[in-house]
Each structure stands twice: as C-alpha cells, then as structure tokens.
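Everything below concerns the one structure shown next.
The basis for the numbers below is simple: all heavy atoms, side chains too, and nothing from hydrogens, waters or symmetry mates. In this chain, residues are counted from 1 in sequence order.
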Amino acid sequence: MFDADRWKEIWVTITRNKTRSLLTCFGVFWGILMLVILLGTGIGFKNGILHSVDGFATNSLFFMADRTSEPYHGFNKGRSWNMRNRDVAAIKREVRGIESMSPVLFGGRTSNNVVYQRLSGTFHVKGVNPPYFDIERQDVHYGRLLNDIDIRERRKVCLIGSRICEDMFKKEDPCGKYIKVNGLYYQIVGVVKQIASGVNINGRAEESVFLPFSTMQQAMNIGDVLHFLCISAIKGYPVQQVIDDIKGVLMGQNEISPTDPQAVSVINIAAQFSLFDTLFSSIDILIWIVGLGTLLAGIIGISNIMMVTVKERTREIGIRRAIGAKPWAIISQVMSESLLLTAMAGLLGLSAGVFILDMVDKILIANPSDESALRHPGVDMGTAVAATVVLLICGLLSGLIPAWRAMQIKAIDAIREE
C-alpha cells in the first residue's frame, strides 16, 4: 500500500543535499540518454539500409555461365558455354521452389545508343521477361510494364528510365513515341524508376531501356543465347536447394561436370540479406553493451552516494534500530531512495533521448534524400519499456550494497557515533 509519509521522508532525505543528488542524477541521466540515442540511431541506420533495398526481392538468385574448370565427356577444361532458352524451359519444368524467373540480355552502353530526334545519349539496354519486374520492382511514371503479349509477338516496344525521359522528353508523357535503340526503332510504352535505391541489376533502371527479351534476341541476331538468369525463390523454401537443383539442370543440359565449381556462377542475394540480419543483431548487441556500460557508471555513482548517505546517517539508523525498527524498514528506505533517484534521472534521460530523436527525424523528413544512411531514427514502445525495466532493475541493484551496509550497523555503536 502507498505510504505518503514514508515517501515524503525519502524525498526530504534526498533533497537534504541538493548538489550531491543532482550530480548523482546526472550520471544516470547521461547514461540512459546515451543508451536511447544509440538505440534510436541504430534503428535509423537499419531503416536506411532496408529502405535502400526495398522493392528488390530478398530471396533472389542470379546465374551466369563461366568457363569450365574440369574436362568432361571429351570437352577440355576452360570451355566457354552459354545458357539457352531450352535451359530456362527445363528449369521451369524440373525445379521446384521458384516464384519468378526471367532470362536477361545486356545490350551494352555503346556510344549514343539511344536517339530521339536530334537528342542522343548512352544508356543501358536490357532484354527481359515480365517476371523480371517482380524481382526488381519499378515505379511506373507513365504507361505500363512489358507483358506476355509483347514477349509472345516479339513486339518492338520498350520501357525507358525516368532519367532518359527527363533528358529527352522533359516533363512530357513519351508513351506512343519512337526512339532508336542500337539502330532500331522501338515504341515507348512506359516510363519507370526502380524502387530500391541501393541495389540494381547491371545499372539503374532510371538510366536503362527495357526491351522484350524475345524481341532483343531477334534484333541482336544471337539465336537463343541469354546472358543472365534472374530467379526469386518461394518464401520459406530452402534457397540452397533451389541453387543445387538449377545448377544440376544447367550442367546436365550443357555437358558440364557435376563437380565443376566454376562453370556456373551464382549470386545469392538471399545470403546477403541473411548477413544483414546478423549485422543488425550484432549492432544491437554492441549498442546495448555500450549503453549499459555508460548507464552502469551512473549507477555506481548512485551506489557510492548512497554509501556516503548511510555513513552520514549512522546515528539515525542506530536509534531507529534501538527503538525497534525492523530490518526490512531500513533496507526498504535505502533502496527506495536509490530507486527514486534512478527513476527520476532515468525517465528524464529517456524523455530527452526520445525528444532528440524525434527532432532529428523531423529534420530528415524536411530534407528527404534516397541516399541518406539514416531514416526514421527512434525507439519503439518495446525498446522504451525494455530500457525502463533495465533502469529500474539497476536502481534497485545500486541500493543493495548501501542497504547491506546499513544492516551491519549495530545500534549501540551507532548511538556512540560522533
């Protein structure tokens, strides 16, 4: 039950020496302030990194043909080979766990390879199938994305990036107009900008022209060769199993040794994102260690001050013991003083930290940038509760030693204390 008189007595004791109490509280205030700011900044960096890859499939895989490193079925090692359309069909037929798949062709950035009337520029050219945009998602500014009919009918249409649109068409809608790409004319059906700002496939979409994969194969007269294979795995399906199955199909289709470690190059984005999770967890642990270390310094300060307070109140404690005060009454008073000091300083530090993070967030919102490494710094309710619980536990712990010291005081010796 709440005892107002008792807490009033504790408050009088604390305010008896205001300078000492303020210095003690400052250590805890600074410790919890640093802990909250560090936690909020860590969350801000995490949000910034995740924002830079938002819109890019986190379970994506990319396959490329490389030279063989082992002889096989009469072929010497060092043989060059290419992935072909039949490989895509075989993978689609035989491999489970695939969500989206698109072969890709790269046209290179030759001099002034994109022309509109008297304007020209040098940009990336990619041939893709519609599922490509499930892996590298795009914001559509005008028109539409490529579709299955474009692929099936080998239409001479294209998507252009937003920067190409700005350079050649200013702020006009270019859909329906024609541009010359590597010497051939294509009709623009859409303008896109990739959502992810920190990762891309062979060049940013803003500076790229996207052609239907089948159209580009025919226009480049390269038969059924493809340069790159993009795949995203079904959520929860073992990614390594998908990789092994696809490599098995590619090696079987192209007379490559099953043990060749080099012939099929794989970029496993899913593994990279797993490393991100590990990195974020390590940063969180480091922040808690540093923050708790700073907070511990303040707690030790409170414990030392309480030891001095117990020493100064030796005679008072002795008299209380002599007239029948129970041990728990002495312990609870010392620990309550410690807890109250810690709670006041800590909650002020927590409030100040949240306020500072909120101000930083507002400044970042007022000056938005896709390149910013810090995004929405702050602490969520769970983190605030955890910090408060840690604070209160530390407050109780800081009073343990002084309370134990108070209990060791013998009444007769305390009364004789000058």
Side-chain angles (χ1 to χ4, degrees), residues 62-66 80-88 101-133 135-170 172-194 199-230 265 267:
F62 305 102
F63 295 82
M64 296 166 288
D66 202 346
S80 296
W81 66 284
N82 292 300
M83 291 185 287
R84 300 184 179 275
N85 292 353
R86 60 187 173 87
D87 297 326
V88 177
M101 177 169 60
S102 172
V104 182
L105 290 173
F106 300 124
R109 294 181 59 152
T110 58
S111 177
N112 296 329
N113 60 339
V114 178
V115 180
Y116 175 69
Q117 295 179 354
R118 296 183 180 180
L119 301 174
S120 62
T122 303
F123 301 102
H124 301 284
V125 180
K126 305 176 188 178
V128 300
N129 280 344
Y132 176 92
F133 301 111
I135 298 171
E136 188 183 56
R137 291 196 292 121
Q138 309 289 326
D139 275 332
V140 181
H141 289 193
Y142 298 106
R144 62 173 177 83
L145 297 174
L146 300 177
N147 58 37
D148 292 332
I149 299 176
D150 297 328
I151 303 298
R152 187 169 59 249
E153 296 183 0
R154 292 183 171 83
R155 289 177 173 175
K156 297 184 72 174
V157 296
C158 69
L159 301 175
I160 63 172
S162 57
R163 182 181 168 189
I164 301 175
C165 180
E166 292 171 4
D167 291 349
M168 295 188 171
F169 300 95
K170 306 306 178 186
E172 299 178 10
D173 181 354
C175 293
K177 297 179 180 179
Y178 288 83
I179 58 173
K180 186 187 288 186
V181 181
N182 292 336
L184 297 175
Y185 283 95
Y186 297 87
Q187 186 180 34
I188 299 172
V189 296
V191 178
V192 297
K193 178 182 179 181
Q194 71 180 57
V199 60
N200 60 71
I201 301 173
N202 196 45
R204 296 190 58 79
E206 295 94 303
E207 301 175 357
S208 301
V209 177
F210 294 93
L211 306 177
F213 176 79
S214 56
T215 303
M216 190 168 175
Q217 270 192 331
Q218 188 178 56
M220 292 178 64
N221 195 28
I222 60 171
D224 67 346
V225 170
L226 57 108
H227 298 151
F228 204 64
L229 184 61
C230 303
S265 296
I267 301 175

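Under the 3.5 Å distance criterion, the side-chain polar atoms of Q217 are matched with a main-chain donor or acceptor of V225. Between the side chain of N82 and the backbone N or O of L226 there is no donor-acceptor pair closer than 3.5 Å. Although no hydrogens or angles enter the test, the distance criterion places no donor-acceptor pair under 3.5 Å between the side chain of T215 and the main chain of K156. Here the side chain of K126 pairs a donor or acceptor atom with the backbone of G203 at under 3.5 angstrom. In terms of modelled atom types and a separation under 3.5 Å, the side chain of Q187 and the main chain of G176 share a donor-acceptor contact. A donor-acceptor distance shorter than 3.5 angstrom exists from the side chain of N147 to the backbone of I149, with no hydrogens or angles considered. For the pair Q138 (side chain) and Q194 (backbone), a donor-acceptor distance under 3.5 Å is present. Proximity of a side-chain donor or acceptor of S208 to a complementary backbone N or O of G161 within less than 3.5 Å is not detected. When atom types are taken as modelled, the side chain of E136 and the backbone of I201 share a donor-acceptor pair closer than 3.5 angstrom.
Here the closest heavy-atom approach between residue M101 and residue L229 is recorded as CG-CD1, 3.8 Å. Pairing each heavy atom of A65 with each of W81, the nearest pair is CB-O, 3.4 Å. Listed here is the closest heavy atom pair of M168 and G121: CE-N, 3.6 Å. Closest approach of R154 to S214, counting heavy atoms only: CG-OG, 3.6 Å. Contact record, E207 with F123: O-CB, 3.3 Å, taken as the closest heavy-atom pair. What you find for M64 and H227 is that their closest heavy atoms are CG-O, 4.3 Å.
Counting only heavy atoms from C-beta outward, the side chains of I222 and L105 approach each other to under 4.5 Å. Side-chain atoms of L146 and I151, non-hydrogen and from C-beta on, never get closer than 4.5 Å to each other. Contact check for Y142 versus C165: side-chain heavy atoms found under the 4.5 Å cut-off. The shortest side-chain heavy-atom distance between P212 and V157 falls under the 4.5 Å cut-off. Between D167 and L119, every side-chain heavy-atom pair lies at or beyond the 4.5 Å cut-off. The shortest distance between side-chain heavy atoms of R204 and R163 does not fall below 4.5 Å. Side-chain contact between S102 and F213: absent, with no pair of heavy atoms (C-beta onward) separated by less than 4.5 Å.
For the atom pair CG of N113 and NZ of K180, the computed distance is 12.0 Å after rounding to the nearest 0.5 Å. One finds the OH atom of Y116 at 4.0 Å from the NZ atom of K177 (value rounded to the nearest 0.5 Å). To the nearest 0.5 Å, the span separating SG on C158 from OH on Y178 amounts to 10.5 Å. Note that CD of E166 is 8.0 Å distant from NZ of K193, once rounded to the nearest 0.5 Å.
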Check against salt bridge (charged side-chain N to carboxylate O under 4.0 Å, His left out), D150 and R155: CA-CA 5 Å; D150 297 328; R155 289 177 173 175; 3.2 Å; yes
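Here the two rings, on F210 and F133, have centers that are under 6.0 Å apart.
The residues D224 and R84 are annotated as salt-bridged, a charged nitrogen and a carboxylate oxygen being separated by less than 4.0 angstrom.
Using cut-offs of 30° and 60° for the angle between ring planes, the F106 and F228 rings count as tilted.
Shown here is F62, whose CZ atom has more than 12 heavy atoms of other residues, nucleotides or ligands within 6.0 Å.
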